[in-house]
Amino acid sequence: MRVACILLAVAAAGSRADADVELVEESAMPSTDAFFFSETFEDGDVFGSGGWKKSGNDKYQGQPVSVELDSGVKDTSMLFKSANKHYGVGSKFANALDVTEKDFVVQYEVKLTEGLSCGGAYIKLLKDEPKLDIATMDNESPYVVMFGPDACGDTNKVHFILRHQNPISGEWEEKHAKETPSPRKDTKSHLYTLAIKADNSYEMFVDLESKAKGSLLEDMEPPVNPAKVIDDPNDSKPSDWVDEAQIVDPDATKPDDWDEDAPKKIPDMDATIPSDWLEEEADSVPDPSAKMPGDWDEEEDGEWEAPLVPNPKCKKVSGCGEWKRPEIENPEYKGKWSAPMIENPAYLGVWKPKQIDNPNYFVDEKPSNMARIGALAVEIWTTNGGIRMDNFLVDTDVDAALAFGKATWEAKSTLEAQSDVSAKKERARMAREKKREAGGAINMAQVYWGDAMEVANDNPIPAVITLIVLLFTLVFMCSGSSSKGKKGRPTNAAEEKVEEEEEDEDEDERDPLDVREGDILAEGNDGKAPTKKRTPKAE
């Protein structure tokens, strides 16, 4: 009975295993017609159709990148197959994107099937210019925004870099977001979103969750707008400028009692030899069990000597051999004398170049009005292969992009979770088959139990009904009265009174001389007749 109760309890606990992954059906890809640029790779070979191109630069020669099916989620994506490779691919827009006085959003998925130990999985939005050509692109091709995960050495971030032009000098400078989220480096699909608003604010999302936000005017390094004054590049420190705050005291002399030769430590003259110290015994003695090797030739090899081993007589005493006093710090030790440092009377302070007006100073109040964007490119180097990218979006409607990501990435994430459960089931099924082949009562019990749990997980509604039946059976089998014939607890005062009267009648009908085992006769101290106290009779 107890074994049956335990088995039923285990069944109740285990019947919901892996049931928290909600099964979803494949759904059609949401429309991307309204977006400025999108690439879902639903049309297959984008390189063959000309929608995407591979750079012909020498550093990218033979790059193994293609559009392939991800069987786990039954979706096609761009796969950068091999490790330790440079990749350079991209898609040029039909028309350049102008975000003047508009919001801007770029979004895409990354799946690191082999993780990310050192390399990038970011994208670049290339600057629109007449000579823009993906076929000749390289790492020096000018871009407007760089965004996405990168990890190697001390770098572990989701990049957001804005290239901004100084209108006075004409130079382009990289402005890095000060606060950046960490990339997800597991093997699941993750969604990265960068939104730049027309009010100069920006926000980065990972898997639709906001992870970093800031202002283009306040939270970029170096700042978008340069300093109004700068160091004079033609100014230099005078040759006679004194910038040493302290100098050696020229008037200081070594005291007469300063002993530079005094040792740092001296023997402790208060120490005494321990009473059990064996001065006549050596620390090490020849190994008595050692024997001269059979091939030892004393004429050629010399006299053989047994190797030394610790003296066994020294193990249980304080020590053996010559005793030496321990050393202590020398209170007279002062070390090498050196003159003290004093304030330098000629000190002029830390020299700084004079400040001048910055000839390249300007104020851009709308850095969100970025340069025109002409293409989306993936230009990376990585030590990890198996990088998948999918569902690229570039647009001016942030909310629409996030909604698209919710419809696509969330479904894909759930399918990946289901795929993991299926793989787990398959591993469990293979393990049961091995036990089935091995045979034996315990193995077969585990096999049948595993088969039953798999059926329950695949058919949750019938399993819940069966579980309810099992729970009622569990209650019936594992609970109940500890004694037969015991009456239930009265539910109200009337029933309690009736039960008391029935007990009194039973007591009256009982033979006074019939004293059951466990009854105790007790006589009161007041001389009254003995009263009978009953203790429960053991069943």
Side-chain angles (χ1 to χ4, degrees), residues 37 39 41 44-68 76-93 96 106 108-165 171-176 180 183 185 192 194 371-392 394:
F37 171 82
E39 182 57 78
F41 303 105
D45 186 9
V46 294
F47 295 108
S49 65
W52 285 67
K53 291 182 179 180
K54 299 179 182 180
S55 173
N57 190 285
D58 291 341
K59 70 188 296 184
Y60 310 115
Q61 286 298 318
Q63 53 179 316
V65 56
S66 59
V67 176
E68 296 189 11
T76 51
S77 55
M78 184 174 288
L79 174 63
F80 302 85
K81 295 181 182 179
S82 301
N84 303 308
K85 287 285 187 180
H86 289 275
Y87 292 95
V89 300
S91 180
K92 188 174 180 179
F93 301 156
V106 58
Y108 71 113
E109 295 174 9
V110 177
K111 184 174 183 178
L112 306 168
T113 63
E114 297 178 10
L116 187 66
S117 56
C118 186
Y122 47 79
I123 60 173
K124 293 180 178 179
L125 296 166
L126 303 184
K127 179 176 174 289
D128 180 54
E129 52 187 10
K131 62 180 181 180
L132 175 59
D133 185 359
I134 300 299
T136 59
M137 176 189 71
D138 62 14
N139 61 305
E140 297 297 328
S141 297
Y143 65 88
V144 180
V145 170
M146 180 174 134
F147 173 65
D150 188 21
C152 195
D154 294 334
T155 300
N156 186 46
K157 63 172 67 176
V158 177
H159 281 295
F160 167 35
I161 304 174
L162 170 68
R163 286 186 77 248
H164 184 269
Q165 186 179 34
E171 295 182 359
W172 289 84
E173 296 179 329
E174 292 184 350
K175 312 297 182 179
H176 297 246
T180 57
K185 294 189 286 188
Y192 294 91
L194 168 65
R372 290 160 60 93
I373 300 170
L376 184 148
V378 180
E379 196 284 314
I380 58 174
W381 175 83
T382 178
T383 62
N384 301 98
I387 298 176
R388 286 185 177 273
M389 295 187 184
D390 196 9
N391 292 334
F392 292 98
V394 178

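Computed from a predicted model, the values in this text were never measured in an experiment.
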Is there a donor-acceptor pair closer than 3.5 Å between any side-chain N or O of [X] and the backbone N or O of [Y]?
{"X": "Lys92", "Y": "Leu132", "answer": "yes"}
{"X": "Gln61", "Y": "Gly56", "answer": "yes"}
{"X": "Ser91", "Y": "Leu376", "answer": "no"}
{"X": "Glu174", "Y": "Ile161", "answer": "no"}

CA sep, side-chain torsions, deciding dist, call: Phe41, Met389, side chain to side chain contact (heavy atoms under 4.5 Å, CB included)
CA-CA 10 Å; Phe41 303 105; Met389 295 187 184; 5.7 Å; no

Is [Y] close to [X] at the side-chain level, that is, under 4.5 Å between some pair of heavy atoms?
{"X": "Lys131", "Y": "Thr136", "answer": "no"}
{"X": "Leu79", "Y": "Val67", "answer": "no"}
{"X": "Leu125", "Y": "Val394", "answer": "yes"}
{"X": "Pro142", "Y": "Glu129", "answer": "yes"}

Heavy-atom pair with the smallest gap, counting every atom of [X] and [Y]:
{"X": "Tyr87", "Y": "Ser82", "answer": "OH-O, 2.7 Å"}
{"X": "Gly120", "Y": "Ile380", "answer": "O-CD1, 3.3 Å"}
{"X": "Gly385", "Y": "Thr113", "answer": "O-OG1, 4.2 Å"}
{"X": "Gly88", "Y": "Gln63", "answer": "N-OE1, 2.9 Å"}

To the closest 0.5 Å, what do you measure between [atom1] ([X]) and [atom2] ([Y])?
{"X": "Thr180", "Y": "Phe160", "atom1": "OG1", "atom2": "CZ", "result": "11.5 Å"}
{"X": "Thr382", "Y": "Asp150", "atom1": "OG1", "atom2": "CG", "result": "9.0 Å"}
{"X": "His164", "Y": "Glu173", "atom1": "NE2", "atom2": "CD", "result": "9.0 Å"}
{"X": "Thr383", "Y": "Leu116", "atom1": "OG1", "atom2": "CG", "result": "7.0 Å"}
{"X": "Asn139", "Y": "Glu379", "atom1": "CG", "atom2": "CD", "result": "5.0 Å"}
{"X": "Leu112", "Y": "Arg388", "atom1": "CG", "atom2": "CZ", "result": "12.0 Å"}

Could you check whether the rings of Trp381 and His86 sit parallel, tilted or perpendicular, using 30° and 60° as the cut-offs?
tilted

Phe37 and Phe93 aromatic ring geometry - parallel, tilted or perpendicular at 30°/60° bounds:
tilted

Stacked cation flag Lys54 on Phe47, 6.0 angstrom / 45 deg:
yes

Decide yes or no on side chain to side chain contact (heavy atoms under 4.5 Å, CB included) for Val378 and Phe80, but give the supporting numbers first.
CA-CA 10 Å; Val378 180; Phe80 302 85; 3.7 Å; yes

Would you say the side chains of Tyr108 and Glu39 form a donor-acceptor pair under 3.5 Å?
no

Candidate pair Asn384 and Glu114, rule side-chain hydrogen bond (donor to acceptor under 3.5 Å, both in side chains), full reasoning
CA-CA 6 Å; Asn384 301 98; Glu114 297 178 10; 5.3 Å; no

Any chance you could lay out the side chain to side chain contact (heavy atoms under 4.5 Å, CB included) test for Asp138 and Tyr60, step after step, and finish with the verdict?
CA-CA 9 Å; Asp138 62 14; Tyr60 310 115; 4.1 Å; yes

Side chain to side chain contact (heavy atoms under 4.5 Å, CB included) between Asn156 and Lys185, worked out
CA-CA 10 Å; Asn156 186 46; Lys185 294 189 286 188; 3.2 Å; yes

